[in-house]
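Notes for the one structure printed next.
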Protein chains: 2
Amino acid sequence: MVKSKTSAIKKRSDCPISCTLDLVGDKWSLLIIRDMMMFGKTTYNEFLASNEKIATNILNDRLISLTDKGLITYTGSARRKKYQLTAFGMELKPIIEAIANFGMKNFTKSKAYTQKQMKAAGK
Amino acid sequence: MVKSKTSAIKKRSDCPISCTLDLVGDKWSLLIIRDMMMFGKTTYNEFLASNEKIATNILNDRLISLTDKGLITYTGSARRKKYQLTAFGMELKPIIEAIANFGMKNFTKSKAYTQKQMKAAGK
DNA sequence: ATTACAAACTTGCATTTTGCAAGTTAATTG
DNA sequence: CAATTAACTTGCAAAATGCAAGTTTGTAAT
């Protein structure tokens, strides 16, 4: 598991928002955290199967990066990792929920989509 | 005011989170919205002066993109625009607040920074 | 009215990131 | 053991970012 290319973001200010965005200011990181938080996904293949079709190199890079930042951790063997959010990562929940609420309110197709996905996840 | 290079994001799924991230899934867009929402900034030069030192081409591109998406609008002449959030853009407030709260809780330097900035903005 | 200055972009270019698709390696299944 | 699948890695093109200089337009000063 080599170093992520994007994990060493140069800090640009002490603003709380800016510091948080240094951690999760890209859509792929947030989508992975969504998958873990809302759909209980834990494995590489599960993340890969999401509808957004993340590229394998981006997925791998982000899993490494999020692990380095302490937002997620994993168990299992080196090539069969099961990822999960750390307590630190769980603190991102209000952000994910706020993003979800905005989407539910403003994108009509998103409501049907969410019901379908929740059913599929059995949760 | 030409077309933004990044405004035509290809939609990857109907998930509400994904749709919202199609609008604001990059840190520069969120930082600009922060500047408007929390610091009352309205002009190109004010955004340019933020501590994160956004590049002029990125700032211009994002202002165009956010305008196209209906999140912000502007008054004034073509070369002296004063930007402001639309009602739609204001709905991003819970997201910005959630991001800010995470930062305030987890980055010790962020608290002092925020107090200093609020004082400087006279708000 | 004219000149100087500053705001608001635009441009050129190098670097980095993303995205696609194929390839390789390691683990599991039959 | 061979076949299959999961989990990456790699090559490369396109897109985005970032720096810094340049150009255009509006305002301020005289």
Side-chain angles (χ1 to χ4, degrees), chain A residues 1-13 18 21-32 35-36 41-69 72-84, chain B residues 1-13 18 21-32 35-36 41-69 72-84:
Chain A
M1 192 172 190
V2 296
K3 201 71 178 165
S4 152
K5 279 193 191 154
T6 55
S7 65
I9 291 184
K10 183 179 171 188
K11 174 173 169 178
R12 286 175 169 262
S13 89
S18 187
L21 294 178
D22 285 342
L23 288 188
V24 290
D26 71 289
K27 76 172 185 186
W28 293 118
S29 294
L30 288 166
L31 287 174
I32 291 169
D35 283 349
M36 296 168 89
K41 296 191 175 184
T42 61
T43 69
Y44 182 93
N45 238 14
E46 285 179 304
F47 301 129
L48 206 56
S50 294
N51 286 349
E52 293 79 23
K53 303 286 193 294
I54 188 172
T56 54
N57 56 332
I58 302 299
L59 174 57
N60 198 50
D61 180 79
R62 292 296 185 285
L63 289 171
I64 292 170
S65 168
L66 293 170
T67 303
D68 285 348
K69 290 168 183 172
I72 65 174
T73 189
Y74 58 84
T75 55
S77 60
R79 289 280 285 218
R80 289 294 180 272
K81 296 183 189 78
K82 303 196 80 163
Y83 293 94
Q84 65 214 33
Chain B
M1 194 173 190
V2 298
K3 200 72 180 167
S4 151
K5 280 191 190 156
T6 57
S7 65
I9 292 183
K10 182 179 168 186
K11 176 173 169 179
R12 287 176 168 261
S13 89
S18 187
L21 294 178
D22 285 342
L23 288 188
V24 290
D26 72 289
K27 79 172 184 188
W28 292 119
S29 295
L30 288 166
L31 288 174
I32 292 169
D35 283 349
M36 295 170 89
K41 296 191 177 185
T42 61
T43 68
Y44 182 92
N45 239 14
E46 285 179 305
F47 301 127
L48 206 56
S50 295
N51 286 349
E52 293 79 23
K53 304 283 191 296
I54 188 173
T56 56
N57 54 331
I58 303 299
L59 174 57
N60 198 51
D61 180 80
R62 291 296 186 285
L63 288 172
I64 292 171
S65 168
L66 293 170
T67 304
D68 284 347
K69 291 167 180 172
I72 67 175
T73 188
Y74 59 83
T75 56
S77 59
R79 290 280 286 218
R80 289 297 181 274
K81 297 185 188 74
K82 303 196 80 162
Y83 293 93
Q84 66 216 31

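Atom set for the values below is all heavy atoms of this structure, side chains included, hydrogens, waters and symmetry mates excluded. Note on naming: letters A, B, ... go to the chains in the order of the sequence lines (proteins, then strands), and numbering restarts at 1 for each one.
For the atom pair CD1 (Ile64(A)) and OH (Tyr74(A)), the distance works out to 9.0 Å, reported to the nearest 0.5 Å. Within the model, atoms CG of Asp61(B) and CG of Asp26(B) stand 9.0 Å from one another, a figure rounded to the nearest 0.5 Å. If you take CG on Asn60(B) and OH on Tyr44(B), they are separated by 5.5 Å, rounding to the nearest 0.5 Å. In this structure, the separation between CD on Glu46(B) and CD1 on Ile32(B) is 13.0 Å, given to the nearest 0.5 Å. Rounding to the nearest 0.5 Å gives a distance of 11.0 Å between CG of Leu63(B) and CG of Asp68(B). The line from NZ of Lys81(A) to OG1 of Thr42(A) is 13.0 Å long, rounded to the nearest 0.5 Å.
Between Trp28(A) and dG19(C) there is a side-chain N or O to OP1 or OP2 distance below 4.0 Å. In this model, the phosphate group of dC8(D) is approached by a side-chain N or O of Lys81(A) to a distance below 4.0 Å at OP1 or OP2. Contact check, Asn60(B) against dT10(C): a side-chain N or O comes under 4.0 Å of OP1 or OP2.
Nearest-nucleotide positions on DNA chain D place Leu48(A) closer to the 5' end than the other of Leu48(A) and Lys27(B). The nearest heavy atom of DNA chain C to Asn57(A) and to Glu46(B) marks one nucleotide each, and the one closer to the 5' end goes with Glu46(B).
When atom types are taken as modelled, the side chain of Lys27(A) and the backbone of Leu21(B) share no donor-acceptor pair closer than 3.5 angstrom. Remark: side-chain polar atoms of Lys69(A) are paired, donor with acceptor, to backbone N or O of Leu23(A) under 3.5 angstrom.
Atom CG of Asp26(A) and atom C1' of dG19(C) are 14 Å apart (whole Å). Here the C1' atom of nucleotide dA8(C) and the CD1 atom of Ile32(B) are 14 Å apart, to the nearest Å. Taking atom CZ on Arg62(A) and atom C1' on dA7(D), their separation rounds to 18 Å, with Å as the unit. As a whole-Å value, the separation of Ile58(B) CD1 from dT11(C) P is 15 Å. Rounded to a whole Å, the CG atom of Asp61(A) is 15 Å from the C1' atom of dA7(D). For the pair Ile64(B) CD1 and dA8(C) C1', the computed distance is 11 Å after rounding to whole Å. Atom pair Tyr83(A):OH and dA6(D):C1' shows a separation of 12 Å (rounding to whole Å applied). Residue Leu59(B) contributes atom CG, which lies 10 Å from atom P of dA8(C) at whole-angstrom precision.
Between dA8(C), dA6(D), dG18(D), one nucleotide has an atom nearer to the side chain of Thr43(B) than all others, and that is dA8(C). Closest contact between the side chain of Tyr44(A) and the listed nucleotides dC8(D), dT17(D), dA6(D) involves dC8(D).
Taking all atoms of both residues into account, the shortest heavy-atom contact from Lys11(B) to Asp22(B) is CA-OD2, 3.9 Å.
Inter-residue side-chain proximity for Trp28(A) and Leu59(A) is flagged as unmet; no heavy-atom pair is nearer than 4.5 Å.
Inter-axis angle, ends of the helix from dA1(C)-dT30(D) to dG30(C)-dC1(D), five pairs per end, rounded to 10 degrees: 30°.
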Original post:
Tell me, for nucleotides 22-30 of chain C in 5' to 3' order, what letter each nucleotide earns: B for a base near a protein heavy atom under 4.0 Å, S for only sugar-phosphate near one, - for neither?
Top reply: B--BSSS--
